[in-house]
**Q** 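Got a structure for you, written out below as structure tokens; questions coming shortly.
Predicted, not measured: the structure shown is a model, and the values here were computed from it.
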Amino acid sequence: MAAYGAAVSLKNTIQSLLESSRISLVPPSPDILRSAYDAMCCLHNVLSKLDETGYSKIRTKVNAFDEQIKDAIWEFEDLLESHYTDQILPQLESERDRLPFSVDLQSLWQSVDRFIERMAVMEAEYDMELVNMPEEEGEPLSSRIDFGGINSEMVKLSKQFEEVRDYILAKAEREGKYARVNCLLLTGMAGVGKTTLVKKVFDDPSIQTHFELRAWVKVGRKCESNETLRCILAQVDPSNRDQMLTQRDDDDIKKLVGLLEERLKDKKCLIVLDDVWQWDTRLMSTLQEKNVQILVTSRLRIKDSPSYCDVRLLDKEESKRLLGEKVFGDKGFPPYLEELGEKIAQKCEGLPLMIVTVADLLRKANKGTGEEIDKCTQEYWTEVAEKQQSSVFVDAYNQISKVFFPSYDYLPQIWKMLFLYLGAFLPYTNIDPHDIMCYVSAEGFCEQIGKKKLDDEVMDGLTTREFFVSHTLTELSYNYHLLLYDFDPVSWFSNKKCRLCKKEASKIKFLHVLQSCYEDMKGQRRLCAHSNTLFAIKEVYDSIKSDCSSTVRSLLCHGPSHPYPVPIHAMDFKLLRVLNARKAHEKK
């Protein structure tokens, strides 16, 4: 992703220079820039191929190449922008009304040639690595049907459980053409409890009574049709279980389909396909039997599925009850900690995986049980409940990040840049889409929708830039479940899920959110603070000046208003494109 965003940014930087009415390029500067622009166009086309690769492809090596390309592009972009900025600033100071500014890039000619050669080599290596991307190793079939360790009591969605169970039972009784639509997709963000909810349905006595046969298959990012069929056959035909799970030399799908049809004849069957990433048309058409009901779980809203149901987040009371049970058992919170427990549960934002992870950390740190909870424990819980950046939540995010990372890693690249930018916003607050649009537009990330260049043309009442942001936010929330949204069409709720990418954004030096006075900001390109006073602390702005003032493109003061001055000029930014200091007082 980072290389894709860097290439888009550099392309737009060069294009802005070539088309600017405020800059006069001294020949042969236009030719120098056009050669670099053409190189970025070629590279951009190759980088775009990543979006065409399947979910089962392992991206480790590709991501490593991506990082190298990104660093090379950023290095050149810094050189280019610094070069013309150094020429413009003296002209601006000497003649404030002078337009256009004269810029001579001839001294960069050799640097541009070396950059183009370097990009050509990296482009070829990247393209080759795309061709040779390894496939993820499939899990053993025996582990795909092992669901014994799933605790169906983890999710407290009793009403939604009843709705899904009753839907399945009602569908099983329908006849005629409506019986052919026998699949329900349960979708939602990673960690929301889709699997545990379906397990509860799967284990329900009324379901077990109604369906003579049941089968459970963990699909994942890679599972072939024949493997899924073998897993199903191993469960609905116990006499052939060992053969189906071990003898994989005969993978004739027609034979497997025939065996399944024979086994399911005149029998009602419930099949669960867990963690599906891509719709398998051939498999689903095979399972379209009127006596078969299928439950599918996915973190994606698969467009080919006939019907779907979003698994919602837990509400305030459900979150509190789950946290209490996971820490203290069925009795829940002792009176000493009930209020603090409610606050901690609320900070988990209704995500069951987060609640369970936080509960595990709290339980390990517990100094006693029940009424034996001592003052030290109460102080610890108070810190977790009240502190914005509690170590418990930091540890919890680190633990569950591997569960969420694939949702981000396999996003279309053009959306990743905007998603990472969302990490700059305060948690538990609404996001104004206009702010996002201004940020990504000023950074040069809003390049196109399909083959349509983004300009000020109006589409459905929105400019194409506004449409891009709106469309991206919609995709991230509805189809990829990476955002929470409220019902106000002009704002989007900033869910902690965005914070899960703060670490990735900082790691690749895309965006760093300041949390304290002592942080490594070397080479960061975007800085944000949720406490604007940090920018007014001498140690902080001195560190910014020495570590990243020459690379920062965005400075975002997203914290609440305060009376202290923010000495922006003292940080000596050279290449700043975005400044949001509406709530900060700048030192004059």
**Q** Under a 4.5 Å cut-off applied to non-hydrogen side-chain atoms, are L50 and R59 in contact?
**A**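 When only atoms from C-beta onward are counted, R59 and L50 do touch, with a gap below 4.5 Å.
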
**Q** What's the shortest heavy-atom distance between V217 and Q235, and which atoms?
**A** CG2-NE2, 4.2 Å

**Q** Nearest 0.5 Å, what's the CG-OG distance between L482 and S407?
**A**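 One gets 5.5 Å once the value is rounded to the nearest 0.5 Å.
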
**Q** I'd like to know if the side chain of S543 reaches the main chain of E539, judged simply by a donor and an acceptor atom lying under 3.5 Å from each other, with no hydrogens or angles considered.
**A**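 No, S543 side chain to E539 backbone: no donor-acceptor pair under 3.5 Å.
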
**Q** Are L337 and Q378 side-chain neighbours, meaning at least one heavy-atom pair lies under 4.5 Å?
**A**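 When only atoms from C-beta onward are counted, Q378 and L337 do touch, with a gap below 4.5 Å.
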
**Q** Between S307 and Y167, do the side chains contain a donor N or O and an acceptor N or O under 3.5 Å apart?
**A** yes

**Q** Quick one: do R312 and E318 make a salt bridge, cutoff under 4.0 Å?
**A** yes

**Q** Are F147 and F202, when compared by the centres of their aromatic rings, separated by less than 6.0 Å?
**A** yes

**Q** Rounded to the nearest 0.5 Å, what separates atom NZ in K347 from atom OG in S390?
**A** 5.5 Å

**Q** If you round to the nearest 0.5 Å, how far is CG of L514 from CD1 of I544?
**A** 5.5 Å

**Q** In the structure I gave you, are the side-chain heavy atoms of M133 and I58 within less than 4.5 Å of one another anywhere?
**A** no

**Q** Hey, can you tell me if F328 and W381 have their rings parallel, tilted or perpendicular (30° and 60° cut-offs)?
**A**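 Ring orientation, 0 to 90° scale: tilted.
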
**Q** Nearest 0.5 Å please: distance from the CE atom of M571 over to the OG atom of S546.
**A**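 Answer for the CE-OG pair, M571 versus S546, is 12.0 Å.
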
**Q** Quick one: does H530's side chain have a donor or acceptor within less than 3.5 Å of a partner on A424's backbone?
**A** yes

**Q** Is there a donor-acceptor pair under 3.5 Å between the side chain of K70 and the backbone N or O of G5?
**A** no

**Q** Would you please say whether a donor-acceptor pair under 3.5 Å links the side chains of E519 and H512?
**A**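 Yes, side-chain donor-acceptor contact under 3.5 Å.
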
**Q** Can you establish whether the number of heavy atoms outside Y308 located under 6.0 Å from its atom OH is more than 12?
**A** no

**Q** Looking only at side chains, do S48 and Q413 share a donor and an acceptor under 3.5 Å apart?
**A**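 There is no such pair (donor and acceptor under 3.5 Å, judged by atom type) between the side chains of S48 and Q413.
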
**Q** Would a distance-only check, ignoring hydrogens and angles, find a side-chain to backbone donor-acceptor pair under 3.5 Å from D66 to A2?
**A**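 Yes, D66 side chain to A2 backbone: donor-acceptor pair under 3.5 Å.
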
**Q** Set out, in order, the CA-CA distance, both residues' side-chain angles and the distance that settles side-chain contact (heavy atoms from CB on, under 4.5 Å) for L575 and V552, then state yes or no.
**A** CA-CA 7 Å; L575 307 177; V552 165; over 6 Å; no

**Q** Taking atom types as modelled, find out whether S143 and E139 have a side-chain donor-acceptor pair closer than 3.5 angstrom.
**A** yes

**Q** Under a 3.5 Å threshold, yes or no: a donor from one side chain and an acceptor from the other, between S56 and E136?
**A** no

**Q** Could you note down all residue pairs passing salt bridge (charged side-chain N to carboxylate O under 4.0 Å, His left out) where residues 327-339 supplies at least one of them, sequence neighbours left out?
**A** K320-E338

**Q** Main chain of F573, side chain of S549: is a donor-acceptor contact present, judged purely on distance under 3.5 Å?
**A** no

**Q** Is the shortest heavy-atom distance from the side chain of S298 to the side chain of L185 under 4.5 Å?
**A**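 A side-chain contact exists here, since the closest heavy-atom pair is under 4.5 Å.
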
**Q** Counting C-beta onward and ignoring hydrogens, is there a side-chain heavy-atom pair between C183 and V296 closer than 4.5 Å?
**A** yes

**Q** Counting only N and O atoms by type, is there a donor-acceptor contact under 3.5 Å from the side chain of Q160 to the main-chain atoms of D310?
**A**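 Between the backbone of D310 and the side chain of Q160 there is a qualifying donor-acceptor contact (under 3.5 Å).
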
**Q** Drop me the distance from K509's NZ to K507's NZ, to the nearest 0.5 angstrom.
**A** 11.5 Å

**Q** Indicate yes or no for a side-chain donor-acceptor contact from Q399 to the backbone of T357 under 3.5 Å, with no hydrogens or angles considered.
**A** no

**Q** If only atom types and distance count, is the side chain of Y410 paired as donor or acceptor with the main-chain N or O of Y55 below 3.5 Å?
**A** yes

**Q** Check whether NZ of the Lys or CZ of the Arg R526 lies under 6.0 Å from the centre of the six-membered ring of F510 and within 45 degrees of that ring's axis.
**A** yes

**Q** I'd like to know if the side chain of S401 reaches the main chain of N398, judged simply by a donor and an acceptor atom lying under 3.5 Å from each other, with no hydrogens or angles considered.
**A**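 Yes, because the side chain of S401 sits within donor-acceptor range (under 3.5 Å) of the backbone of N398.
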
**Q** Do T187 side-chain atoms and L300 backbone N/O form a donor-acceptor pair below 3.5 Å?
**A**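 At least one qualifying donor-acceptor pair exists.
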
**Q** Give the C-alpha distance, both sets of side-chain angles, the deciding distance and a yes or no for side-chain hydrogen bond (donor to acceptor under 3.5 Å, both in side chains) between T195 and D274.
**A** CA-CA 7 Å; T195 298; D274 186 36; 2.8 Å; yes

**Q** Answer yes or no: is there an ion pair linking D435 with R582, defined by an N-O contact shorter than 4.0 Å?
**A** yes

**Q** Evaluate K200 against D204 for salt bridge (charged side-chain N to carboxylate O under 4.0 Å, His left out), listing each step before the verdict.
**A** CA-CA 6 Å; K200 190 170 184 177; D204 186 75; over 6 Å; no

**Q** Could you check if a side-chain atom of E342 sits within less than 4.5 angstrom of a side-chain atom of K316, using non-hydrogen atoms only?
**A**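 Answer yes - side chains close enough.
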
**Q** Is there side-chain contact between L270 and I168, with at least one heavy-atom pair below 4.5 Å?
**A** yes

**Q** Could you check whether Y421 and Y439 have their ring centres less than 6.0 Å apart?
**A**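 Centroid separation for Y439 and Y421: below 6.0 Å.
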
**Q** When Y480 is tested against each of F419, Y408, W415 for ring-ring contact (aromatic ring centres under 6.0 Å, His included), which residue passes?
**A**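 Single pass found, and it is W415.
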
**Q** Evaluate the side-chain hydrogen bond (donor to acceptor under 3.5 Å, both in side chains) criterion for residues E443 and S554: first the C-alpha distance (whole Å), next the side-chain angles of each, then the deciding distance (0.1 Å), finally the verdict.
**A** CA-CA 8 Å; E443 292 267 19; S554 293; 2.5 Å; yes

**Q** Provide the closest heavy-atom pair for F535 versus P567 in the form atom of the first, atom of the second, distance.
**A**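 Looking at all heavy atoms of both residues, the closest pair is O-CD, 3.5 Å.
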
**Q** Is any side-chain heavy atom of I69 closer than 4.5 Å to one of I73?
**A** yes

**Q** Check step by step if side-chain contact (heavy atoms from CB on, under 4.5 Å) holds for L186 and L184.
**A** CA-CA 6 Å; L186 293 180; L184 176 64; 4.2 Å; yes

**Q** Report the distance from atom CG of L555 to atom CG of L579, rounding to the nearest 0.5 Å.
**A**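 Nearest 0.5 Å value for the CG-CG distance: 5.5 Å.
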
